[in-house]
Amino acid sequence: MRSIRAAATGAVILSLALAASACGGGSSTGGGSNDSPEELTYWASNQGASIEVDKKVLQPELDKFEKESGIKVKLEVVPWSDLLNRILTATTSGQGPDVLNIGNTWSASLQATGALLPWDAENFDRIGGRDRFVDSALGSTGVEGQDPAAVPLYSMAYALYYNKQMFADAGIDGPPATWDELTAAGEKLSKDGKWGIGVEGSNPSENIHHVFVFAKQHGADFFTADGKADFTNDGAVAAVKQYVDLMAKDKIIAPGNAEYAQNQSVSDFAKGRTAMLLWQSASANLKSQGMSEDAYGIAPVPVRSGTPGTGEQVNSMVAGINLAVFKNSDNLDGATKFVKFMTSDAEQKILNTAYSSIPPVEAAQQDAAFNSPANAVLKDTLAKSAAALPQVPDESQFETAVGTAVKNLFADAAAGRAVTTGSVKAALAKAQQQMPAK
């Protein structure tokens with residue numbers, strides 16, 4: 001997901017949504033139609049440095065779609081801090097947009113509500129066919145074996161961004177390849193009011209992305225093979241502790257990062273306050289904040305040892321944004337036309353260039369515009385060393401419960417309270433209690 005960029009926080013009671021009939025398009029009848037063929041409502045996620053940046057990117061494309069189709073698109077850019085709760089409210093109220101962006105990690109959870117249009121073979125044929133999309137992106141569109149709940153729009157992967165001048169000044173020759181190397185570099189860089197690396201400690205979704213990767217590197221996961229929550233296994237506990245220890249033990253993260261949740265770590269990196277950043281496809285965001293592409297390097301996210309790859313060498317979740325349709329839209333045909341437009345080769349090049357993301361559409365991904373050194377790292381990660389978060393119906397509750405537990409542990413670290421293996425396990429046990437009973 002973000003870009004998946006900031007967390008959908010608060011108490012999310014998905015069981016309410018599971019009991020709801022499908023919704024969307026401003027219709028509360030529970031079924032789709034083409035009663036309003038001349039307009040659509042689109043909820044876009046906040047992908048750029050600000051909502052205004054997103055409007056500047058998207059509005060010309062929506063105007064182009066209106067000129068081609070005669071359908072006016074009413075745009076609302078929704079902050080990540082509000083998006084999941086807004087969507088779940090729409091699934092219970094029967095009042096929502098026709099088309100919306102969703103973080104790809106939410107696909108299975110929102111699929112379980114029954115509110116989204118299933119992308120069966122017939123619907124895929126209406127937008128050019130399923131085989132236009134790369135397999136890694138399709139792997140985060142819903143539960144395996146079911147028709148996808150959404151269509152891939154932007155693909156992303158995590159990378160390590162590092163400030164070249166700060167590294168040179170500290171006598172560090174190049175980017176760290178392992179976490180031990182990153183910690184050692186961070187200790188050299190954390191001085192004179194500047195810090196080794198920044199995080200979004202108050203952002204549950206961002207926390208999940210990182211501890212998921214750490215867990216993979218410890219040979220663990222947060223769910224069993226049959227989809228049951230398993231938050232307190234040794235690998236998961238070690239993963240969370242390793243992540244929070246970057247602040248609590250290694251002290252290469254500023255304590256104030258415990259309160260970050262809205263791209264502040266990106267701004268700190270762009271302004272030279274931190275030397276490293278773990279982020280999804282950050283180039284466009286950094287450029288919009290005045291940071292020259294020559295000022296930073298991009299490298300794969302570190303692993304425990306060796307080089308990134310499959311199995312325990314996973315170094316990113318499969319990040320990205322999907323495009324979904326509420327199945328009781330009152331302009332189903334128009335919504336499908338809009339999805340076809342947004343995933344066309346031409347629009348994929350425009351939109352993914354604007355957001356420095358990778359097109360999930362095979363033909364667009366091969367365009368020369370996506371062959372930059374930065375994109376080479378991201379594409380290689382997606383192809384070789386990224387894993388999809390569990391596509392289970394309880395995934396959104398997992399993000400909220402475990403992500404908030406990590407947030408609270410960062411708060412402990414910032415306040416100088418000890419973060420021990422025992423306290424981490426207790427926090428994760430409490431999070432597991434918040435999950436639906438099986």
To the nearest 0.5 Å, what is the distance between [atom1] on [X] and [atom2] on [Y]?
X: Gln365; Y: Gln348; atom1: CD; atom2: CD; value: 10.0 Å
X: Ser396; Y: Leu389; atom1: OG; atom2: CG; value: 12.0 Å
X: Gln59; Y: Lys64; atom1: CD; atom2: NZ; value: 12.5 Å
X: Glu395; Y: Gln111; atom1: CD; atom2: CD; value: 12.5 Å
X: Ser385; Y: Lys216; atom1: OG; atom2: NZ; value: 13.0 Å
X: Met317; Y: Met156; atom1: CE; atom2: CE; value: 10.0 Å

Distance-minimising heavy-atom pair for [X] and [Y]:
X: Asn163; Y: Met166; answer: OD1-N, 2.9 Å
X: Ala137; Y: Pro360; answer: CB-CB, 3.6 Å
X: Leu116; Y: Leu110; answer: CD1-CB, 3.8 Å
X: Ile252; Y: Gly186; answer: CG2-C, 3.4 Å
X: Asn263; Y: Glu200; answer: N-OE1, 3.0 Å

Counting heavy atoms not belonging to [X], are there more than 12 under 6.0 Å from its [atom1]?
X: Lys271; atom1: NZ; answer: yes
X: Lys164; atom1: NZ; answer: yes
X: Glu259; atom1: CD; answer: no

Any side-chain heavy-atom pair from [X] and [Y] closer than 4.5 angstrom?
X: Trp279; Y: Phe269; answer: no
X: Tyr161; Y: Ile298; answer: yes
X: Ser281; Y: Leu378; answer: yes
X: Val57; Y: Tyr355; answer: yes
X: Val99; Y: Val73; answer: no
X: Arg132; Y: Phe124; answer: no
X: Phe338; Y: Val325; answer: no
X: Asn352; Y: Ile358; answer: no

What I want to check is whether the side chains of [X] and [Y] have a donor and an acceptor closer together than 3.5 Å.
X: Thr224; Y: Asp226; value: yes
X: Gln366; Y: Glu362; value: yes
X: Asn322; Y: Ser107; value: yes
X: Gln165; Y: Asp169; value: yes
X: Ser205; Y: Glu399; value: yes
X: Ser283; Y: Glu293; value: no

Show your working on side-chain contact (heavy atoms from CB on, under 4.5 Å) between Val339 and Asn123 and close with a plain yes or no.
-> CA-CA 10 Å; Val339 173; Asn123 283 329; over 6 Å; no

Can you label the angle between the Phe167 ring and the Tyr162 ring as parallel, tilted or perpendicular, going by 30° and 60°?
->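 Rings of Phe167 and Tyr162: tilted, 30 to 60°.
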
May I ask you to decide if the ring planes of Phe398 and Phe223 are parallel, tilted or perpendicular, using 30° and 60° as cut-offs?
->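 Phe398 vs Phe223 ring planes: perpendicular.
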
Measure from the side-chain N and O atoms of [X] to the backbone N and O of [Y], and report whether any donor-acceptor pair falls under 3.5 Å.
X: Ser190; Y: Gly196; value: yes
X: Asp98; Y: Leu40; value: no
X: Lys251; Y: Ala248; value: yes
X: Gln280; Y: Ala159; value: no
X: Asn257; Y: Val199; value: yes
X: Tyr158; Y: Val301; value: no
X: Thr92; Y: Thr89; value: yes
X: Asn104; Y: Val318; value: yes
X: Thr41; Y: Pro97; value: no
X: Lys340; Y: Gly128; value: no

Under-4.0 Å salt bridge between Arg86 and Asp82 =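 Looking at Asp82 together with Arg86, the answer is no, because their closest N to O distance does not fall below 4.0 Å.
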
Intermediate values then yes/no, side-chain hydrogen bond (donor to acceptor under 3.5 Å, both in side chains), Gln264 and Asp268 | CA-CA 6 Å; Gln264 295 99 319; Asp268 280 355; over 6 Å; no

Evaluate the side-chain contact (heavy atoms from CB on, under 4.5 Å) criterion for residues Val424 and Val244: first the C-alpha distance (whole Å), next the side-chain angles of each, then the deciding distance (0.1 Å), finally the verdict.
-> CA-CA 9 Å; Val424 170; Val244 178; 6.0 Å; no

Which of these passes side-chain contact (heavy atoms from CB on, under 4.5 Å) with Pro204: Thr404, Thr400, Val406?
->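 The residue from Thr404, Thr400, Val406 that satisfies side-chain contact (heavy atoms from CB on, under 4.5 Å) with Pro204 turns out to be Thr404.
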
I would like to know whether Gln432 and Leu428 meet side-chain contact (heavy atoms from CB on, under 4.5 Å); could you show each step before the answer?
-> CA-CA 6 Å; Gln432 185 163 323; Leu428 292 175; over 6 Å; no

Please, which pairs that meet ring pair (Phe, Tyr, Trp, His ring centres under 6.0 Å) have at least one residue in residues 403-434, sequence neighbours excluded?
->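 Passing the test, one end in residues 403-434: Tyr243-Phe410.
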
Stepwise ring-ring contact (aromatic ring centres under 6.0 Å, His included) test for Trp179 and Phe214 | CA-CA 10 Å; Trp179 291 109; Phe214 278 116; 4.6 Å; yes

Test log, rule side-chain contact (heavy atoms from CB on, under 4.5 Å), inputs Asn101 and Tyr42 = CA-CA 8 Å; Asn101 287 7; Tyr42 173 40; 2.7 Å; yes

Could I get the full list of ring-ring contact (aromatic ring centres under 6.0 Å, His included) partners for Phe212, not counting sequence neighbours?
->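 With neighbours one apart ignored, the set is empty.
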
